[in-house]
Amino acid sequence: MDRVKVNGKFFKKHIGEEQISCKVKKLAEEIDRDMKGRNPLVICVMTGAMFFAADLLREVSIECEITSVKLKSYEGTESSGRVKIDDTLKRSDIEGRQLLIVEDIVDTGLSMSSLLEEISKLSPSDIKVATLLSKPEARVYDVNIDYLAFEIPNYFVVGYGLDFDGYGRGLKDIYILDNNQL
Ligand code: 5GP
């Protein structure tokens with residue numbers, strides 16, 4: 001499908017599933033090469049990264065442990081847009097470990113930079129970041145991305161895990177908001 005309606009808005013295809021699958025395999029090869037023997041703990045950032053992580057980690061052949069984290073916003077007076085991690089990640093799981101964070105998209109970089117700050121407090125030996133998408137034009141907070149599938153322009157996207165108010169995650173391709181909504 002080249003054009004889809006998600007939650008009342010039209011989106012057009014931007015990256016097809018074959019392209020995604022090819023890139024995912026390449027990233028998996030890089031991860032295999034870089035992390036061999038390091039027994040990484042892979043942290044999938046829910047919910048957006050679930051399909052990317054599922055495909056990537058089935059291509060990776062080194063041994064790794066897999067977990068997930070959900071981000072939550074600060075509440076009340078601390079609400080500055082920064083995020084906190086839920087309490088599934090314990091210091092005892094993270095301390096001294098090689099981590100690989102798998103994210104759906106780095107936009108302004110706020111979520112990833114605060115996630116990195118929070119996780120660093122749990123003393124991992126090293127943290128690498130894999131993201132499906134990055135919008136460099138939107139970046140406000142500097143984030144070092146180690147494994148990037150695609151750079152995209154500063155438009156809203158859905159599909160392959162990314163949602164529009166909860167809809168569209170299950171699309172096999174990645175779609176970008178269509179300027180033409182007719
Ligand atoms: P950031 O903190 O980097 O500005 O934004 C990161 C989060 O915002 C992502 O994890 C994602 O949940 C959401 N986000 C940013 N851009 C998009 C987009 O184009 N489409 C969707 N569906 N979510 C986005």
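Atoms within a ligand are numbered from 1 in the order they appear, just like the ligands themselves. Please read these numbers as outputs of a predicted model, since none were measured by experiment.
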- Task: May I ask you to check whether over 12 heavy atoms, not counting those of Asp142, lie within 6.0 Å of atom CG?
- Result: no
- Query: Considering only heavy atoms, which protein residues lie less than 4.0 Å from any atom of ligand 1?
  - Reply: Glu103, Asp104, Ile105, Val106, Asp107, Thr108, Gly109, Leu110, Ser111, Lys135, Tyr155, Phe156, Val157, Leu162, Asp163
- Message: Checking one residue: Val158. Which other hydrophobic residues are in its cluster under the side-chain 4.5 Å linking rule?
- Response: Met1, Val4, Val6, Phe11, Phe156, Phe164, Tyr167, Leu171, Tyr175, Leu177
- Message: Counting neighbours of NZ on Lys9 that are heavy atoms of other residues, nucleotides or ligands and sit closer than 6.0 Å, is the number greater than 12?
- Response: no
- All pairs passing salt bridge (charged side-chain N to carboxylate O under 4.0 Å, His left out) where residues 34-56 contributes a residue, at least two apart: Asp55-Arg58
- Taking atom types as modelled, is there a side-chain donor on Arg139 or Thr108 under 3.5 Å from an acceptor on the other? no
Return all side-chain donor-acceptor pairs below 3.5 angstrom for residues 60-68, not counting sequence neighbours, or 'none' if the list is empty.
{"unit_1": "Ser61", "atom_1": "OG", "unit_2": "Asp32", "atom_2": "OD2", "d": "2.8"}
{"unit_1": "Glu65", "atom_1": "OE1", "unit_2": "Arg97", "atom_2": "NH1", "d": "2.9"}
{"unit_1": "Glu65", "atom_1": "OE1", "unit_2": "Arg97", "atom_2": "NH2", "d": "3.2"}

